[in-house]
Each structure stands twice: as C-alpha cells, then as structure tokens.
There are 2 protein chains.
Amino acid sequence: MTANDGVIHEPRACDSALARAFNFLGKRWSGVILGTLTQGPAGFSELRRAVTGISDSVLSERLTELVGAGLIERFVHDGPPITVEYTLTVAGKGLLPAMRELTTWAECNLPA
Amino acid sequence: MTANDGVIHEPRACDSALARAFNFLGKRWSGVILGTLTQGPAGFSELRRAVTGISDSVLSERLTELVGAGLIERFVHDGPPITVEYTLTVAGKGLLPAMRELTTWAECNLPA
DNA sequence: CTGTGGAACTTGCTTTTTACTAGTGGCTTG
DNA sequence: CAAGCCACTAGTAAAAAGCAAGTTCCACAG
C-alpha cells in the first residue's frame, strides 16, 4: 500500500436506495398491485380480479405490507354495504413516472 | 344489453406489459442485480459482493434466468485465468431510465 | 511442491414464502 | 330464507430462497 491509500477498491454496491425500493417491488405481486392502483382506487375483489393469479391470502398480506410502508391507504366506507377502498398515498403516486417508464420498456423489450 | 354493447365493465386489469416486467423484476434480487449491472459489467463474485444478502445458488439461478430473458449477456474470457463477465444487453440497458426514476423515488419516499 | 486463496459454480438440506383450499360474518337480491 | 358477493382469516401443501459445503481451474507464497 504505497500510493492508493484510502481508495480500497470499493466493492461496487448497488445503490442503497434502489435496494430499498426492491424490498417492496422485489416481492412477488407488489409491483402489479401498485401498478393496478395507479389507474385509480380499488376494492379487495377488484384487485383480486385485476391481479390474475394472486391468491386471497397473499393479496391480503401484500396490501397490509404496502399500507404499513405508507404507499397505499385503506379506507373503510361503512354504508351499510361496508366496502373497503385501497388508494395510493402521495408516496405511492410518486411511483407513477417509474411505472410508466417500466411499462414502455416492457412493451418494447418483452415480447408477450 | 341495450345501449352499452361491447363495453362490458372491463374488469380493470393491470397493464399486461407491466405485469410482464414484474415477471422478472418481481422476483427477489433480480432488480438489484440489474441495478448493479447498470453501473457496468461485473463478474460472479463481484455481483455476490454487490448484492448483499444473496446466496450463490440464487445468484446463479437469477443470472441464468436473466440471460435467458435476453436482459444480460454472459461472456467467458478464457485467459488462462478464465473469467466470466456479465453485462447488460441493449434490452437491459433500456431499463436505465426506469431504474433512475425508481432510485430518485426511493430516495424521497423510502427512509433508510 | 505443498498450502492458501480467489473465481465460478453445483449439490444437498433446512427454513421461509407462496399457493391452494375452506370457512366466517355482514349484507343484498329474488 | 337460500344464494351470492365482499373482505378477509386459517390451515396446510408446494415452491422458492437461504446455508453450508464441495468442485475445478488457476495464481502466488514459501
């Protein structure tokens, strides 16, 4: 160690912010749920239908997580016909541009 | 069915392109691997160090998948000291803008 | 030439996540 | 009041991820 003191081969880490993002998005279904919600609020069954393939329990779990993370909100409208509505929070809406980028990318680069 | 023929309450599906994107990105680690590779090519061990927490077997699997999907390429430089290098393909590089969006979003909305 | 160590994986086994039913309680519809 | 939708919760089985070790090829130290 003669000349390059201090510059100890930084091991090239992935951006920690990106890593944090993929703590949520890297979980199966989260991205699609968020993506669906970008089109507007939805109820539980509506989401289940939109996110083809997901099961009730996992949807419930993912929603709880995302609410906990502050990306979506859960509103209970008690009618009498009590309904639940999930919407994006401000933080969640911030994902819109990224989602759009992702969508256009997928359209060009991922054949169906 | 009198006036609204054809407009049968479309069940609001998530954009299929987005869903396709999350077929890859929705898997644990894929996003971070791709994100690391946006900073330049890397070898296996380099990736293992960059993607903190991933195991060898999963990294190997993810890389194979991503190669198969055409997002990254695997080059074998046989020296004698034979080394392998993973780089983004053109399709993979197309993810850059989306990644950037995601990173800035995470910086603002996801506290460490 | 023996020993240490890195690169790039693969294999085998355990633990965590997901998925697949079912079931609950409130409320509407016929 | 039976049948059905909504929003979930519970229980269990299958799939994925994690962990630890082993492998081959090579380089460098002693």
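In what follows, chains carry the letters A, B, and so on, assigned in the order in which the sequence lines appear, proteins first and then strands, with residues in each chain numbered from 1.
The Ser45(B) side chain lies nearest to dA8(C) when the options are dA7(D), dA17(D), dA8(C).
Taking atom CG of Leu59(A) as the reference point, atom C1' of dT9(D) lies 13 Å away to the nearest angstrom. Residue Ile82(B) contributes atom CD1, which lies 14 Å from atom C1' of dG6(C) at whole-angstrom precision. Arg49(B) places its CZ atom 9 Å from the P atom of dG6(C), with the value rounded to the nearest Å. At whole-Å resolution of the value, CG in Leu63(B) and P in dA7(C) are 15 Å apart. The interatomic distance linking Asp78(B) (CG) with dT24(D) (C1') rounds to 15 Å, in whole Å. Between Asn23(B) atom CG and dA16(D) atom C1' the separation is 15 Å, expressed in whole Å. Taking atom CD on Glu46(B) and atom C1' on dG6(C), their separation rounds to 13 Å, with Å as the unit. Rounded to whole angstrom, the span from the CZ atom of Arg48(A) across to the P atom of dC6(D) amounts to 7 Å.
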Contacts under 3.5 Å, N or O only, protein and nucleotides 19-22 of chain C:
{"residue": "dA19(C)", "atom": "OP1", "partner": "Arg28(A)", "partner atom": "NH1", "Å": "3.4"}
{"residue": "dA19(C)", "atom": "OP1", "partner": "Trp29(A)", "partner atom": "NE1", "Å": "3.2"}
{"residue": "dA19(C)", "atom": "OP2", "partner": "Trp29(A)", "partner atom": "NE1", "Å": "2.7"}
{"residue": "dC20(C)", "atom": "N4", "partner": "Ser57(A)", "partner atom": "OG", "Å": "2.8"}

Mind listing the N/O atom pairs, protein and nucleotides 28-30 of chain D, below 3.5 Å?
none

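With sequence neighbours left out, Arg28(B) forms a salt bridge (Lys or Arg N to Asp or Glu O under 4.0 Å) with no residue at all. For Arg20(B), the salt bridge (Lys or Arg N to Asp or Glu O under 4.0 Å) criterion is met by no residue, not counting sequence neighbours. In this structure, the salt bridge (Lys or Arg N to Asp or Glu O under 4.0 Å) partners of Arg62(B), at least two apart in sequence or on a different chain, are Glu65(B). Remark: Glu85(B) engages no residue in a salt bridge (Lys or Arg N to Asp or Glu O under 4.0 Å) (not counting sequence neighbours).
Judged as a salt bridge (charged side-chain N to carboxylate O under 4.0 Å, His left out), not a single pair has a partner in residues 30-43 of chain B (not counting sequence neighbours). Listed by first and then second residue, the side-chain hydrogen bond (donor to acceptor under 3.5 Å, both in side chains) pairs that reach into residues 103-112 of chain A are Trp105(A)-Asn109(A), sequence neighbours excluded. Residue pairs meeting the salt bridge (charged side-chain N to carboxylate O under 4.0 Å, His left out) criterion with at least one member in residues 89-105 of chain A, sequence neighbours excluded, do not occur.
Remark: Arg62(B) is in phosphate contact with dA17(D), judged by side-chain N or O atoms under 4.0 Å from OP1 or OP2.
When side chains are defined from C-beta on, Val32(B) does not count as touching Thr52(B), because their heavy atoms never get closer than 4.5 Å. With contacts defined as side-chain heavy-atom distances shorter than 4.5 Å, the pair Leu25(B)/Leu34(B) qualifies.
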